[in-house]
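To start, the structure under review is shown below, and the notes come after it.
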Amino acid sequence: MRTKRWLSAMATVILTLCMCSCQDWNEQDAPAGDQQIPVLTKVGSYSFESLEGFQVGTYENGQNPEIIKDQEIGSKVLYLNDGYIYGENPLTNKRLESGASATMWIKLAGEDVQVRNTDEESEETIATRTDGKSLLAFMDDTEKSKLVITSNAGLIYNGAALSEGFSELTPDIWHYVAINIGKDGYTVYLDGEEWGTSSLQTEIYNQLVDHLTSVATRLYIGYGLETPPGEFWMEDLKIYKDLVGKNEIKRPGIGTTTIGATDFSTGFLGAFSEVLSAEGDAIYHYQFKNYTKGVANHQNWMLLISNGKAIGEEGYLEYALVRADAYGWLSGNSENTIPDSGYPLSDVYGQFGSWEKFRSEMNGAVVDLTVTRYGTSITMNAVIISQQDKKYTYSWYHPTIAGEGTVGVFLSVDNAYLEVENKETSVTPLEIQNGQLGFSDYSTAFNTMFTEPIILEDYTEVVYEFTNYTQGPGNEKNWYLVFTNGKTRGQEGYVEHAIIRADNWGWLNGLYDAEHTLLEMDCAPSCNYDWNTFVSDMNEANVKMTVKRRAGKISFYAAITTKDNKKYSYYWMYTLPADVDVISSCLTVDNSYLVMRNSPVAMSFTEPNTQLGASDFTTGWWQAFSPVISATGTNASFKYTFTNHNRCLNVWENWAVAISNGTAFGDPNYKEYVVIRADNFGWVGGNDRLFGFETNLPDYTWALNGAKVVLTITRDNKDIKLNADITTESGISYYYKGTLTGVITDVTNTIGTFLTLDSAYLTDITSEATNGEDIPEPSDLETVGTVDCSTAFLGDVSEVRTLDGNGEFYYKFTNYTSGELNWHNWMLLVSNGKVTGESEYIEYALIRADNYGWLNGINDDEHRPVRDCNYNWGTFTEDMKGATVEIRMNRQGNTASVRADVTTVGGAKYWYVCELSNLPDSGIIGTYLSVERAYLEIDTEASYVKGNNN
């Protein structure tokens, strides 16, 4: 006899595998309007054809894990006998919505135990199981945090037993187990029947989901406790996001069925598989090995689609016959060929490269075939793995081939034979939820399913919000946005203006060739994707896309948030041809699907007077300006409030503020002092620079999109102070503030400010200006040189200052320069008390600002003074614009030391020293300032001469 001691060990194995979630546990109850619509998605699949992707180990005296062929189940399986394998945890970062589930095949070895019969006079050997040994474990890298599933359905989390299990599972027999787990608990199905159900406390569920999705990085099979688990077999483990239904719970067949004679003698349509039939929308699936002599292309597998009946059965109607070699026909008429139907099969020849290679590699190839019926349409997708381990795909779509009633699918051969995996043969209802575009098995062919076209009048917009699902492998297997004339592909009169793929690519005018790509047509889209992770990022990504038609242009902006909360932006704009009147937008997919999160409709929009820039982001840099507001006085101030909108693509695509002499850009008298961008960059006097203002913004893109800004500009004589208080859409507050010194380079009582932008727009703008105290007349300033920086070398000089004996000269001035060359700056001259051009003038030294000069009026290398500095020559010409300079010269007899301290507008500080030893021992000397292509404003009140002969 056999005892039944183990039901739910495997139930709990599968149960735990099913607890997959991409959210943290405390995010399970999302607020209303933010819940994900549950879609059954396979996130892990293990057929154990090999141990590739796993590492192996053993308990003491255990056997190494093996992949063996099991005759009963008809495929390779995992065999463990006190050995184990481990790999990546497939549940990491998987979003849990309604729950999770898994299915698998399992067989446990019985342990021979001697027991005494009830008559106590005889013994017999029975097969049973010893409970409490580990089968699966989810662990972190340290193996300290772990969730272990034991052979008696026990669940042990970090040493604490969370479940005692259910009942027994009969050993030495293959069992098919399916598990559903949700917030309300979990249910175990054994061989297609409900076996047991149990509640699961919310707190425990949340902890396990957090462990499985966030903490555990490894999945172990056959390991987790100190006691070895013994001997067992496992096959076809599948893990799903969300809950399996009756089609997944149903026990599949096992083993294989051969179609056709193995000597290749079965002729055309000489043998058939069982017809898989369904009345409504359905997914039909086969997996088989194809064997062919390789003599002719058509000597391979064939797919037939009928009204649910088999060939020879009364009432049989044949909708299509599809051969493996990209050929076939419709309606049972071999002259009504599929290649000529307008819906051809995919290019098999192009993939294989030659028919000879096709015939060779189709022999022994594994074909995974899916047929999806949706309404009257049929979609076929075949994945072919050759014996050389090369992968090929083969697909077909026809929109009107299926009738309205029952549709059947079956296989046949032509001088070939098939080994069909019974457990992979299935027909399941196609369940398309409200708002879903594309099939959940990723079988929807490119450009075959669409959302309803939405007509875009001028100044209208439509917002699409959806969750995208893709398995790749190509970047193009994603969502698409299509602009048409109000029709969808296949409708009479259809005109396609543009199609844009999710991966920064697309075409114009319905021509999918190299000459009509968006790039070649000079309207390439823009994005900031990470191409290394693009496919995985787009799977389960939430997309919010705003499509606009405005002033003869169409555009879209997509804000994309991945399942692990990475954010990307995607933008496109196109100027419509003048003859285009009707334009509409719709979505389509390519071997992917999406689930709408809203009901998109066209809405008109306006751009009020309080808006600056176009709402489709087409206003470029320095193309739009708010009115200039002006104020007078040394402490004049300006205040703006507005909401900033950007594309989240580039840091400079935001607001900016300009400070001028009170005039607007374009006015003949316009003079610009400063332009300050939102990203800590700008221009002073027309020259660009990084400002280095203080800010706690985390970025200059997402944080500023939709942010409310209170911007204050305050004048402090020649300085400008900026303060921006920024509140994001989510209510987080940031600041951006700093001071620019000496940037108001004119003696003016009035300045003005205005807003501008770059590929952004501002809304709800308010502004006000407040006058300050009038700036007194600058009677204490002496100007040397003309303010247009046109003064030639020594073309203007300051008043000479003299000293009889020892003492100190001190100058303080602001230096303004054209910045063309290093020596276009200030100069200090030392003389006998006279200035150049006067009679009896003697020049002892000329000291230029750029660490240069000469002695005794002779400009050669033998007459250079001793000098040094710490200038940054890479920025010198910019640094000297508006710089404050203080010069001290101390004379002692025939020597003098000169030091210049330079403070730039941006606050950087430099020094410059020079030693003279050619002065007269005593008597009068003089100093004065001059320029070349520059001008100076000397603070005569601060400057002085002081003798110290005593």
Side-chain angles (χ1 to χ4, degrees), residues 609-610 612 622 624-642 655-678 682-687 691 693 709-725 736-757 762 765-783 785-789 812-816 881-884 903 905-907 935-942:
N609 293 333
T610 56
L612 182 66
W622 212 247
F625 313 94
S626 67
V628 176
I629 55 174
S630 300
T632 61
T634 181
N635 55 347
S637 64
F638 308 84
K639 182 178 180 180
Y640 293 94
T641 65
F642 55 86
W655 62 266
V657 63
I659 296 97
S660 74
N661 61 350
T663 60
F665 177 71
D667 188 289
N669 298 315
Y670 174 76
K671 182 170 184 178
E672 176 186 299
Y673 299 121
V674 179
V675 178
I676 303 171
R677 289 195 328 210
W683 293 261
V684 175
N687 298 293
F691 288 139
F693 287 171
V709 181
V710 179
L711 176 65
T712 304
I713 305 292
T714 305
R715 178 183 184 180
D716 185 4
N717 199 0
K718 293 182 177 295
D719 301 344
I720 289 293
K721 296 180 179 179
L722 175 142
N723 186 85
D725 292 316
Y736 171 42
K737 58 186 179 181
T739 300
L740 297 174
T741 59
V743 294
I744 307 300
T745 55
D746 295 326
V747 181
T748 177
N749 198 45
T750 301
I751 64 171
T753 64
F754 57 89
L755 296 173
T756 186
L757 45 82
L762 313 180
I765 301 172
T766 67
S767 61
E768 60 180 282
T770 304
N771 293 328
E773 300 173 1
D774 285 347
I775 300 174
E777 290 298 321
S779 57
D780 55 352
L781 293 180
E782 178 186 2
T783 301
T786 59
V787 295
D788 62 358
C789 296
K812 182 176 182 181
F813 59 88
T814 303
N815 181 82
Y816 300 99
K881 293 178 179 179
T884 299
T903 303
V905 169
Y935 75 94
L936 314 178
E937 289 182 349
I938 305 171
D939 187 342
T940 57
E941 183 177 351

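Please read all numbers here as calculations on a predicted model, not as lab measurements. Just so it is clear, the values below take in all heavy atoms, side chains as well, and ignore hydrogens, waters and symmetry mates. Residues take their numbers from the sequence shown, with the count starting at 1.
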Problem set entry | Any residue meeting side chain to side chain donor-acceptor pair (under 3.5 Å) with Tyr640, in chain and number order, not counting sequence neighbours | Thr753
Problem set entry | With sequence neighbours excluded, residues passing side-chain contact (heavy atoms from CB on, under 4.5 Å) with Asn635 | Glu773
Exercise. For Tyr736, what residues pass the ring-ring contact (aromatic ring centres under 6.0 Å, His included) criterion, not counting sequence neighbours?
Worked result: Phe693
Exercise. With Thr903, which residues qualify under side chain to side chain donor-acceptor pair (under 3.5 Å), at least two apart?
Worked result: Lys909
For this session: Please step through side-chain contact (heavy atoms from CB on, under 4.5 Å) for the pair Ile765 and Leu612, ending with a clear verdict.
Result: CA-CA 8 Å; Ile765 301 172; Leu612 182 66; 3.6 Å; yes
For this session: Not counting sequence neighbours, which residues clear side chain to side chain donor-acceptor pair (under 3.5 Å) with Thr663? List them please.
Result: Asn661
Problem set entry | Residue pair Leu762 / Val709, side-chain heavy-atom distance below 4.5 Å | no
Exercise. With sequence neighbours excluded, what pairs up with Asp788 under the side-chain contact (heavy atoms from CB on, under 4.5 Å) test?
Worked result: Thr786, Ser790
Problem set entry | Qualifying residues under side-chain contact (heavy atoms from CB on, under 4.5 Å), relative to Val743, sequence neighbours excluded | Val674, Val684, Ile720, Leu740, Val905
Exercise. Do we see a donor-acceptor contact under 3.5 Å between the side chains of Thr641 and Thr766?
Worked result: yes
Seminar exercise, completed: With sequence neighbours left out, the residues meeting side chain to side chain donor-acceptor pair (under 3.5 Å) with Asp667 are none
Problem set entry | Under the ring-ring contact (aromatic ring centres under 6.0 Å, His included) test, residues paired with Phe665 that sit two or more places apart | Trp622, Phe625, Tyr670
For this session: Apply side-chain contact (heavy atoms from CB on, under 4.5 Å) to Thr632 and list each qualifying residue two or more places apart in sequence or on a separate chain.
Result: Asn749, Thr750, Asn771, Asp774
For this session: Please name all residues satisfying salt bridge (Lys or Arg N to Asp or Glu O under 4.0 Å) with Lys671, sequence neighbours left out, ordered by chain then number.
Result: Asp746
Problem set entry | Lys718: salt bridge (Lys or Arg N to Asp or Glu O under 4.0 Å) partners, not counting sequence neighbours | Glu937
Problem set entry | Glu768 vs Ile629 side-chain heavy atoms within contact, under 4.5 Å | no
